[in-house]
Amino acid sequence: MLKMMTGSLPTSTSLFLRPFTTSLSGKNLGVSISSVMANSGEPKESFGFLINKPYNPPSWALHLHPIPSQIFSLAHLPTPIHRWNLPNLPKSIDLWIKRDDLSGMQLSGNKVRKLEFLMAEAISHGADCIITIGGIQSNHCRATAVAAKYLNLDCYLILRTSKILVDKDPGLTGNLLVERLVGAHVELVSKEEYSKFGSQALTNLLKERLISQGRKPYVIPVGGSNSLGTWGYIEGIREIEEQLHIAPSMAFEDIVVACGSGGTLAGLSLGSWLSKMKAKVHGFSVCDDPDYFYNYVQDLLDGMHAGVSSRDIVDIQDSKGLGYAMNTTEELEFVKEVAAATGVVLDPVYRHVSLNFIYFLSVTFK
């Protein structure tokens, strides 16, 4: 068993997770947003936000199993779709972009759609805290910390960082600022330890420690990418279909998206395959390799009894480049050029593709 610095579990390895305080200048700044809303004097149900409600799947997904029973409304939906006039785009290609970066501020991006289902299950299981894991600047971890606070749950984050920085205070930059403002409990693990033990073993260890303290933790995997989280983008496909009803002469032939943990890709590809959309989904992996993600997506599909091969419904290509959050000068120039020309700021962590956006290629008018 592995040892935590703050726990009393026996140790047989050299692994430590380094906890850091969530208070700033001696004052805990974690404010319960849900408590503030509850005390506002307004019935929360009247706004359609932060509501746990029964889930009814699309008709074309009724054969999947298990079907989630509940969904927690966390995102501002539907997110808009608009034409994207990229510089030097071939005239034969029409490019549109779905702005999931506008699904909410702290909860923005593709993470919140998965969390709507995962948080609903956490509440139904009587959880009083959430555990998840990711990189030191993980958008998923930030979104989970905020969502947990919305629902008045504690959040425990295991964040991966370099061996050089693992024993230092992680600071207040980027997503860490938001996580620590909302009172998340942050523990650090080195990349070497993460690779050696894996995310599941690390989260299970923390889960056991919290249970021993009388807590009721609910574990969310990296990126929220399990079969339940995959429903977030099955629902996303239904949203896209409904948006296309206003332009019945238009059809999207290709969908392009970044792939960091596999859940978004699985949901989009399965939803497109089962629905009338039938667009070809292309995933660009920002870590690992295509074979890894074909297998991972297959596991997610099998977890829903989808009865389809991942290789039949999605095309995955390698897009790691120098590596996670590592950029060439040319790539940064491209990010700058796109922002200057279109007003859309790409995420430099993923370079040419971003987990906050879904791209639609080769639009044809019938």
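Note that the numbering runs from 1 along the sequence shown for the chain. Only this structure's heavy atoms are used, side chains among them; waters, hydrogens and symmetry mates stay out.
Taking every heavy atom of both residues into account, D291 and R311 meet most closely at OD1-NH2, 3.1 Å. In plain terms, the two heavy atoms of D312 and W273 that are nearest each other are O-CZ3, 3.5 Å. For the residue pair A147 and M119, the shortest heavy atom distance occurs at CB-CE, 3.7 Å. Contact detail for R180 and P170: the closest heavy-atom pair is NH1-CG, 3.8 Å. Of all the heavy atoms in R99 and T79, the pair that sits closest is O-CB, 3.3 Å. Here the closest non-hydrogen pair linking P66 and W231 is O-NE1, 3.7 Å.
Under a 3.5 Å cut-off, the side chain of S195 and the backbone N or O of E192 do not form any donor-acceptor pair. The closest donor-acceptor contact from the side chain of N327 to the backbone of L332 lies at 3.5 Å or more, if one exists at all. A donor-acceptor distance shorter than 3.5 angstrom exists from the side chain of D318 to the backbone of K320, with no hydrogens or angles considered. Using a distance-only test at 3.5 Å, with no hydrogens or angles considered, no donor-acceptor pair links the side chain of E116 to the main chain of Q70. At least one donor-acceptor pair closer than 3.5 Å links the side chain of H305 to the backbone N or O of H65. When atom types are taken as modelled, the side chain of S73 and the backbone of I51 share a donor-acceptor pair closer than 3.5 angstrom. A donor-acceptor pair is defined here as one N or O able to donate and one able to accept, closer than 3.5 Å; no such pair exists between the side chain of S269 and the backbone of V281.
With rounding to the nearest 0.5 Å, the separation of CG in L95 from CZ in F252 is 10.0 Å. Between atom OG of residue S285 and atom OH of residue Y292 there is a gap of 11.0 Å, rounded to the nearest 0.5 Å. Note that the CD1 atom of I158 and the CG atom of L202 stand 5.5 Å from one another [nearest 0.5 Å]. Here I130 contributes atom CD1 and L118 contributes atom CG; the two are 8.5 Å apart, rounded to the nearest 0.5 Å. Interatomic distance, CZ of R160 versus CD of E193, reported as 12.5 Å (0.5 Å rounding). To the nearest 0.5 Å, the span separating CG on L181 from CG on L177 amounts to 4.5 Å.
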Exercise. In sequence, state the C-alpha distance, the side-chain angles, and the governing distance for S162 and K191, and then conclude on side-chain hydrogen bond (donor to acceptor under 3.5 Å, both in side chains).
Key: CA-CA 6 Å; S162 68; K191 294 177 181 178; over 6 Å; no
Exercise. Could you walk me through whether E333 and T328 pass the side chain to side chain contact (heavy atoms under 4.5 Å, CB included) test, one step at a time?
Key: CA-CA 9 Å; E333 283 295 328; T328 65; over 6 Å; no
Quiz item: Does the side chain to side chain contact (heavy atoms under 4.5 Å, CB included) test come out yes or no for L274 and L64, once each step is laid out?
Solution: CA-CA 11 Å; L274 294 177; L64 300 178; 4.2 Å; yes
Exercise. Could you please spell out the steps behind the side chain to side chain contact (heavy atoms under 4.5 Å, CB included) verdict for I97 and I81?
Key: CA-CA 6 Å; I97 182 171; I81 299 173; over 6 Å; no
Exercise. Could you please spell out the steps behind the side chain to side chain contact (heavy atoms under 4.5 Å, CB included) verdict for V166 and V189?
Key: CA-CA 6 Å; V166 74; V189 62; 5.5 Å; no
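Residues Y294 and D289 bring no donor and acceptor atom of their side chains to less than 3.5 Å of each other.
Side chains of L301 and I313 form a contact here, defined as non-hydrogen atoms less than 4.5 Å apart. No side-chain heavy atom of L153 sits less than 4.5 Å from a side-chain heavy atom of K149. No side-chain heavy atom of L228 sits less than 4.5 Å from a side-chain heavy atom of T230. Between L159 and V186, the closest side-chain pair of non-hydrogen atoms falls below 4.5 Å. A heavy-atom distance below 4.5 Å is not found between the side chains of V314 and F293. A 4.5 Å side-chain heavy-atom check between V297 and D299 finds every atom pair outside the cut-off. The closest side-chain heavy-atom distance from L86 to V344 is not below 4.5 Å. A heavy-atom distance below 4.5 Å is found between the side chains of S272 and M277.
Clustering ILVMFWY residues whenever any of their side-chain heavy atoms sit less than 4.5 angstrom apart, transitively, puts L74 in a cluster other than the one holding L77. Residues L206 and I211 do not share a hydrophobic cluster, clusters being chains of Ile/Leu/Val/Met/Phe/Trp/Tyr side chains in contact below 4.5 Å. A single hydrophobic cluster is seen to contain both M250 and I237, as judged by linkage of ILVMFWY side chains at heavy-atom distances under 4.5 Å, directly or through other members.
Scanning for side-chain contact (heavy atoms from CB on, under 4.5 Å) contacts around E242 gives R238, with sequence neighbours left out. Judged as a side-chain hydrogen bond (donor to acceptor under 3.5 Å, both in side chains), and not counting sequence neighbours, the contacts of T132 are H140. Under the side-chain hydrogen bond (donor to acceptor under 3.5 Å, both in side chains) criterion, D302 pairs with Q298, not counting sequence neighbours. Under the side-chain contact (heavy atoms from CB on, under 4.5 Å) criterion, A145 pairs with C155, L157, E179, V182, A184, sequence neighbours left out. Residues that satisfy the side-chain hydrogen bond (donor to acceptor under 3.5 Å, both in side chains) test with Q317, not counting sequence neighbours, are D315. Residues passing the side-chain hydrogen bond (donor to acceptor under 3.5 Å, both in side chains) test with D288: none are found, sequence neighbours excluded. Shown here are the side-chain contact (heavy atoms from CB on, under 4.5 Å) partners of A143, two or more places apart in sequence or in another chain: L107, K111, L115. Applying the side-chain contact (heavy atoms from CB on, under 4.5 Å) criterion to S69, with sequence neighbours excluded, gives no partner residue.
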Determine all donor-acceptor pairs shorter than 3.5 Å in which one atom belongs to a side chain in residues 52-63; sequence neighbours excluded.
| unit_1 | atom_1 | unit_2 | atom_2 | d |
| --- | --- | --- | --- | --- |
| Y55 | OH | E235 | OE1 | 2.7 |
| W60 | NE1 | E241 | OE1 | 3.2 |

Please report, to 0.1 Å, the donor-acceptor pairs under 3.5 Å made by any side chain of residues 215-225, with sequence neighbours excluded.
| unit_1 | atom_1 | unit_2 | atom_2 | d |
| --- | --- | --- | --- | --- |
| R215 | NE | D128 | OD2 | 3.2 |
| R215 | NH1 | D154 | OD2 | 3.4 |
| R215 | NH1 | Y156 | OH | 3.3 |
| R215 | NH2 | D128 | O | 3.3 |
| R215 | NH2 | D154 | OD2 | 2.8 |
| Y218 | OH | E121 | OE1 | 2.6 |
| S225 | OG | K114 | NZ | 3.1 |
| S225 | OG | S261 | OG | 2.6 |
| S225 | OG | G263 | N | 2.9 |

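Annotation: Q243, atom CD; neighbour count of heavy atoms from other residues, nucleotides and ligands within 6.0 Å is above 12.
Annotation: side chain to side chain donor-acceptor pair (under 3.5 Å) contacts involving residues 334-346, sequence neighbours excluded, comprise W84-T342. Sorted by first then second residue, the salt bridge (charged side-chain N to carboxylate O under 4.0 Å, His left out) pairs that include residues 270-284, not counting sequence neighbours, number zero.
Between Y150 and F49, the angle of the ring planes goes over 60°, which puts this pair in the perpendicular group of the 30/60° scheme.
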